[in-house]
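These notes are about the structure you will find just below.
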2 protein chains.
Amino acid sequence: MTSPAPARRRDAARTRQLLLDAARVRFAQDGYAATTVRDIADDAGVNVALISRYFRSKEGLFEACLTTAVDEMRRAAGSATLAEVPRRIAEQAAGIDSDGIPRQLVLLLRSSGDTRADEIRIGILRSYAENLAGLAGWTEGDDKLLLRAQIAIAASLGIAMLRSKTPLEPLASATEQDLLGPLSDLISAVVRSDA
Amino acid sequence: MTSPAPARRRDAARTRQLLLDAARVRFAQDGYAATTVRDIADDAGVNVALISRYFRSKEGLFEACLTTAVDEMRRAAGSATLAEVPRRIAEQAAGIDSDGIPRQLVLLLRSSGDTRADEIRIGILRSYAENLAGLAGWTEGDDKLLLRAQIAIAASLGIAMLRSKTPLEPLASATEQDLLGPLSDLISAVVRSDA
DNA sequence: CCGCTCAGTCAACAGACGCTTACAAGCCGT
DNA sequence: ACGGCTTGTAAGCGTCTGTTGACTGAGCGG
């Protein structure tokens with residue numbers, strides 16, 4: 001966290017990251033269409049024009065949010081066994097960030113209206129579902145099991161979504177521990193090959 | 001449905017309904033912020049200004065969509081046993097409408113940015129969760145079971161959401177029958193009092 | 001057949017939107 | 001220290017947004 005550099009007053013990489021962070025919060029919280037580039041720039045404390053400079057456009061910024069979020073999730077996930085999956089999902093859904101918003105997951109569920117970004121989103125979702133199905137013994141062509149994996153993914157996203165903005169207690173403030181039990185039951189019940 | 005009146009050329013009630021129908025499709029498909037009043041009016045085949053006339057504002061129209069959608073779901077739901085719940089949810093998620101979009105459910109997950117509409121949404125979600133928990137023997141104060149019911153609701157919404165716009169096969173085009181099995185497993189595994 | 005009422009039309013508003021351009025200021029190698 | 005490249009600023013562009021108010025014409029009681 002504490003960078004060795006003496007924090008240059010003008011630092012392109014730092015500014016880029018500030019924009020990226022602010023954008024992820026806004027996009028996850030308010031959605032793509034409801035977020036304006038001026039909101040993001042103000043949150044980041046930089047000039048609006050720098051969004052166009054560093055990300056070419058609002059859509060480019062959204063794509064960057066999506067890809068970095070996905071990278072982080074991939075890094076956090078690694079390879080897992082079926083038994084570990086509920087804990088991994090509970091971690092993500094509980095929100096590893098300070099404000100408890102599971103941004104990575106929410107970003108995956110929100111559509112942007114941007115074709116390119118939506119393609120990325122769907123590709124990621126597809127790969128997640130196939131990974132999960134694979135852990136349960138899925139082989140290509142087995143639509144039944146793949147459907148079940150996708151339903152499990154969808155359920156996780158729904159939980160993350162409902163936690164992110166909706167003050168629906170006790171779900172909204174449930175801890176990772178609280179979610180683990182129900183999620184384990186959900187995954188093991190839904191993702192089964194003996195459909 | 002078939003009104004006795006011979007369809008007057010200028011019919012306020014009919015126009016209002018046309019706007020309501022078009023708005024529900026748009027809001028569910030594209031979200032609140034990404035939908036413009038001109039889109040809705042064009043879909044309904046009426047003039048834009050009539051939205052302000054009949055619903056006071058775009059937000060007023062969204063609120064009307066929510067309340068009517070909720071009414072329809074209440075009417076369709078009625079009283080049910082726990083065993084019937086998966087089928088009811090599968091019906092809604094599969095989409096009883098012609099285009100297969102589960103509008104009612106999706107509307108409940110999409111937020112508008114409008115405070116009043118969000119309050120309605122949350123109230124509905126809370127009542128659904130309590131109903132579902134009640135079927136499993138929930139008594140006030142049992143947060144564990146209520147949490148599980150809310151997770152089941154969230155899962156259903158996530159499925160509906162992912163089906164609505166995302167071409168994620170086989171989930172996107174799964175039929176009510178396809179969903180019934182996995183959903184039954186999900187509900188019965190998640191909504192249990194012996195947590 | 002007249003005249004009032006109300007459903008629907010039209011054009012325009014003020015503001016916000018994403019984005020671009022021209023310019024000022026900082027950083028670094030030499 | 002100074003030139004050249006990079007980083008940040010300010011202003012404005014064209015467009016689209018939700019909403020409004022004055023208008024036209026259909027419908028119906030008299």
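To find a chain, count down the sequence lines: A is the first, B the second, and so on, and within it residues start at 1.
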What pairs with B:Arg16 under side-chain hydrogen bond (donor to acceptor under 3.5 Å, both in side chains), at least two apart in sequence or on another chain? none
With sequence neighbours left out, what residues match A:Ser127 under side-chain hydrogen bond (donor to acceptor under 3.5 Å, both in side chains)? none
A:Ala154: side-chain contact (heavy atoms from CB on, under 4.5 Å) partners, not counting sequence neighbours: B:Ile159, B:Leu162, B:Leu171
Can you build the contact string for nucleotides 10-22 of chain C? Use B for base contact, S for sugar-phosphate-only contact, and - for no protein heavy atom under 4.0 Å. B-B----BBBB--
What nucleic acid atoms does A:Tyr54 come within less than 4.0 Å of, heavy atoms only: base, sugar-phosphate, or nothing? sugar-phosphate
Can you tell me how far C1' of C:dG26 sits from CZ of A:Arg14, to the nearest Å? 15 Å
Regarding B:Glu169 and B:Ser173, is there a side-chain donor-to-acceptor distance under 3.5 Å anywhere? yes
Send over the distance from B:Gln17 CD to C:dA7 C1', rounded to a whole Å. 17 Å
Calculate the interatomic distance between A:Leu50 atom CG and C:dA24 atom P; express it in whole Å. 18 Å
A:Thr68: what forms a side-chain contact (heavy atoms from CB on, under 4.5 Å) with it, not counting sequence neighbours? A:Leu20, A:Arg24
Sequence neighbours left out, what pairs pass side chain to side chain donor-acceptor pair (under 3.5 Å) with at least one residue falling in residues 41-66 of chain B? B:Arg26-B:Asp43
Value in whole Å for how far the C1' atom of D:dG18 lies from CG of B:Leu61: 12 Å
